[in-house]
Each structure stands twice: as C-alpha cells, then as structure tokens.
Amino acid sequence: MNLTLKQGSAFQLPPYKSLENDELQDRINVARQQLGKQLLILGHHYQQDEVIELADLRGDSYQLSQMAARSTDCRFIVFCGVHFMAETADILANRPEKLAERAGHRVAVILPDMAAGCSMADMAAIEQVEAAWEDLGEIIDTDDVTPVTYINSTASLKAFCGRNGGIVCTSSNAAAVLDWAFSRTSRVLFFPDQHLGRNTALKMEITNAQMPVWDPHDPDYGGNSQQAIQDSRVILWKGHCSVHQIFQAEHVHQFREENPDIKILVHPECPQKVNDLADVSGSTGTIIRTVEEAPPGTKWAIGTELHLVNRLKHDHPEQEIHFLSPVICMCATMYRIDLAHLCWSVENLVMGTPVNIIEVDEETSRWSLIALERMLDVK
Ligand code: 13P
Ligand code: SF4
C-alpha cells in the first residue's frame with residue numbers, strides 16, 4: 001500500500017481494510033519494534049486469534065486492570081478490548097502517583113475501533129442510576145446501601161460508586177467485593193449485570209426473594225413494590241450480557257444426556273439456571289485455569305465467549321472441549337478490533353498522529369479511581 005501523508009495529518013483507516021492479514025501482521029510487528037518499550041498492547045481473551053497473538057499481555061478484565069495499574073515505562077497502551085476496559089486503563093495508568101513518576105507525562109490509551117463498546121455497559125446510564133438512587137432514597141436509607149458496579153460499565157458509573165461509598169467488581173472478585181460491601185452496609189445496589197450479581201449473592205445464601213430486579217425503564221420503583229425494596233439485600237439492575245444470556249439449562253441437559261461424564265464450565269454472566277447446573281462457574285481466568293489443570297481426557301461443555309472456547313479447544317487437544325450452546329455467540333463488539341484497526345492505530349503512533357485516544361475527564365477519573373482502588377485492595 002502506498003500511504004501518502006500530509007504533514008501532521010493521520011493515516012486514514014479505509015486503505016488498511018484492503019490489506020491481507022500477513023501484510024498487516026508484518027507491519028504491526030515493524031511498528032512494535034519502532035516503538036519498543038513505549039508501546040504496550042493489551043488484549044482480552046475474547047479477542048480473535050490474529051489479534052490476541054500480537055498482544056504483549058493478555059488477561060481477563062481483572063488481570064488487565066492490574067496490568068494497566070502496574071504499567072511503568074510505556075507511553076502508549078493500545079487496548080484490544082472494549083471501551084470500558086480502555087477507560088479503566090486510562091484511569092489507572094494515569095492516576096496521580098503514576099503521573100508524578102513520569103513527570104506529568106500521560107500514557108495515551110488507544111482503542112483501535114471506537115465502536116468496540118459493550119451492550120451490557122450500555123444498559124445502565126448514569127442518569128438512570130442516579131434516578132434509581134433517588135427513588136430508593138424514598139423507601140430505604142441509601143447511606144445503608146453500597147453501590148457496586150461491575151467493571152463492565154462506563155467510567156461515570158464507577159465515579160458514582162466512588163462518590164457514594166461504593167466499589168467496582170469483576171467476575172473474579174465479585175464475592176469478595178460483596179463481602180466488603182456487606183461489612184459496611186446491609187444492602188447493595190448491583191449494576192449493570194443482574195446475572196453476576198444474582199449468581200454471586202446466591203452463593204452467599206441471599207435468596208431471590210431478597211433480590212428484586214430494578215428495571216430502569218419502569219418509573220414505578222423499577223417495577224417493584226415498596227415492600228420488596230424494604231425486604232431487599234441486593235437490588236439487581238436489569239442488565240445482561242447478550243453473549244452469555246444465550247446459554248440455557250436445556251443445553252446443559254442435552255450435553256449431560258449424551259455424555260454423562262461431561263463437565264459443565266460456565267461464566268457467571270450466564271443465567272442462574274445454567275450456573276446452578278454447572279460443575280464450575282467462574283471468570284475467564286478461572287475458566288482457563290480450570291481447563292489447564294484438568295487431567296487429559298476430561299470432557300467439557302463451556303459456556304462463554306466463542307473465541308475463547310475455540311482457543312481452549314485448540315490449545316488442549318488432550319481434552320474434549322465443546323461449546324455449550326448450539327447457537328454461535330461471540331462478542332461482536334470485541335470482534336470489531338481486527339488487524340486493520342490495530343495496524344492503523346500503531347502506525348499512527350509511529351507517525352506521531354495518535355488516533356482514538358480514550359481519555360476520561362479529571363473529575364470522573366478522580367472518583368472512579370476511588371472505587372477502582374477499593375476493588376484492587378479487596379483480597
Ligand atoms: P471477565 O474478563 O471478568 O471474565 O469478564 C468477561 C467479560 O464479559 C468481559 O467483558
Ligand atoms: Fe460486554 Fe458481554 Fe461482550 Fe463482555 S462479552 S464485552 S459483557 S457484550
């Protein structure tokens with residue numbers, strides 16, 4: 001490809017889309033060499049293979065936030081994940097003590113495709129959460145409620161939690177975070193994923209009767225009676241992951257009928273019925289570890305994102321691995337990050353014309369950081 005560049009103007013994306021993967025890979029590797037330690041490419045395990053192979057570090061949401069928090073000598077983080085992950089990386093990599101270590105230089109966090117969002121995160125808007133908090137205050141004492149946001153949420157919701165004594169959680173520490181919350185208050189407002197909230201709280205012997213679901217589109221206390229709110233321990237936001245919601249109890253039954261010794265391994269974003277039936281439920285990191293540690297010949301039906309299940313299948317030929325649903329479900333927004341977008345992002349970094357920088361405003365960052373640091377401190 002012949003790229004002509006006007007002084008100071010960025011490369012445009014369209015020409016990259018017609019390049020073959022081999023050429024894109026080579027060019028990304030050249031850009032990586034040119035940028036050296038200044039560049040850190042982070043990738044979530046749900047990314048397509050071509051992309052994850054080029055990540056310097058890969059992880060689940062919790063591991064990636066730890067990596068961003070630890071980042072030392074890099075100047076650019078290219079985040080092969082979704083928007084909320086890039087926001088979190090920006091907040092953690094540019095927190096005050098890190099800025100001081102770098103004499104005020106910010107790490108620029110780049111999301112190769114701005115359309116890589118998360119449909120679950122979009123299910124809770126800050127205005128809706130603030131309205132819910134106010135409505136709840138008419139029925140219960142909100143000083144006795146800890147707001148807990150799943151990390152799959154916009155920075156404004158993390159800031160809301162920071163301002164209101166709350167905390168962030170990921171799927172790998174949700175139980176410890178709920179313990180933290182209950183050591184402070186008798187109730188929790190959990191958003192945006194009802195399934196992670198419910199599946200985690202059920203293991204703590206909180207019952208469904210104590211977990212009303214708050215529908216932000218229902219103006220009448222989220223569709224709940226005042227009594228239900230008064231009896232609540234965890235108020236669950238009516239949000240879900242469109243990928244994990246696909247898995248159903250009947251899929252588990254079908255696999256078990258055909259394969260009595262099969263083990264069912266699922267992510268806690270799956271609905272309760274699937275979680276209750278599963279042999280193991282855990283975060284992406286737990287799913288990977290569980291397969292890695294299993295003896296050869298173990299049979300699995302795994303309920304999580306398709307790219308990860310296919311990679312596990314490929315990496316563990318000594319085990320028999322199936323996708324739990326007959327319907328293919330991948331995270332379409334993660335999939336937006338392809339080699340063309342990655343190459344376009346890193347070549348623009350080399351040219352000094354960065355594109356797609358995610359920068360959270362100072363006030364939102366300050367309060368979000370409080371909620372994120374509470375999470376990182378929870379053991
Ligand atoms: P974890 O990375 O915490 O397992 O979450 C999965 C997910 O849905 C990421 O968006
Ligand atoms: Fe969002 Fe679900 Fe995709 Fe994760 S898998 S980014 S929760 S839509």
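Note that the structure is predicted; figures quoted are calculated from it, not measured. Every number for a ligand or one of its atoms is a count from 1 in the order of the listing.
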* **Member of D276, T200, V274, V266 meeting the side-chain contact (heavy atoms from CB on, under 4.5 Å) criterion with S281** => V266
* Looking only at distances, please establish whether an N/O atom of ligand 1 is found under 3.5 Å from an N/O atom of H267. => yes
* Asked: Quick one: does N152 get an N or O within less than 3.5 Å of an N or O on ligand 1?
  -> yes
* Is there a path from I126 to V148 through hydrophobic residues (I, L, V, M, F, W, Y) whose side chains come within less than 4.5 Å of each other? -> no
* Asked: Can you hop from I357 to L342 via hydrophobic side chains spaced under 4.5 Å?
  -> yes
* Does any N or O in the side chain of R32 come within less than 3.5 Å of the main-chain N or O of L54, such that one atom is a donor and the other an acceptor? -> yes
* **Backbone or side-chain N/O/S of C118 under 2.8 Å of atom 1 (Fe) of ligand 2** => yes
* Structure fact -> Numbered in order shown, the ligand 1 atoms found under 4.0 Å of a heavy atom of Y150 are 5 (O)
* Ligand-residue contact atoms, ligand 1 with S171, heavy atoms, under 4.0 Å -> 1 (P), 3 (O), 4 (O), 5 (O)
* Classify the contact between M85 and ligand 1 as side chain, backbone, both or neither, using a heavy-atom distance cut-off of under 4.0 Å. => side chain
* Have a look at ligand 1 and work out which part of Y46, if any, has a heavy atom under 4.0 Å from it: side chain, backbone, both or neither. => side chain
* Asked: Hey, does Q63 sit under 4.0 Å from ligand 1 if you only count heavy atoms?
  -> no
* Is the ring centre of H307 less than 6.0 Å from the ring centre of Y335? -> yes
* Heavy atom of H44, distance to ligand 2 below 4.0 Å -> no
* **Test ring pair (Phe, Tyr, Trp, His ring centres under 6.0 Å) applied to F323 and F247, step by step** => CA-CA 10 Å; F323 189 63; F247 300 105; 5.5 Å; yes
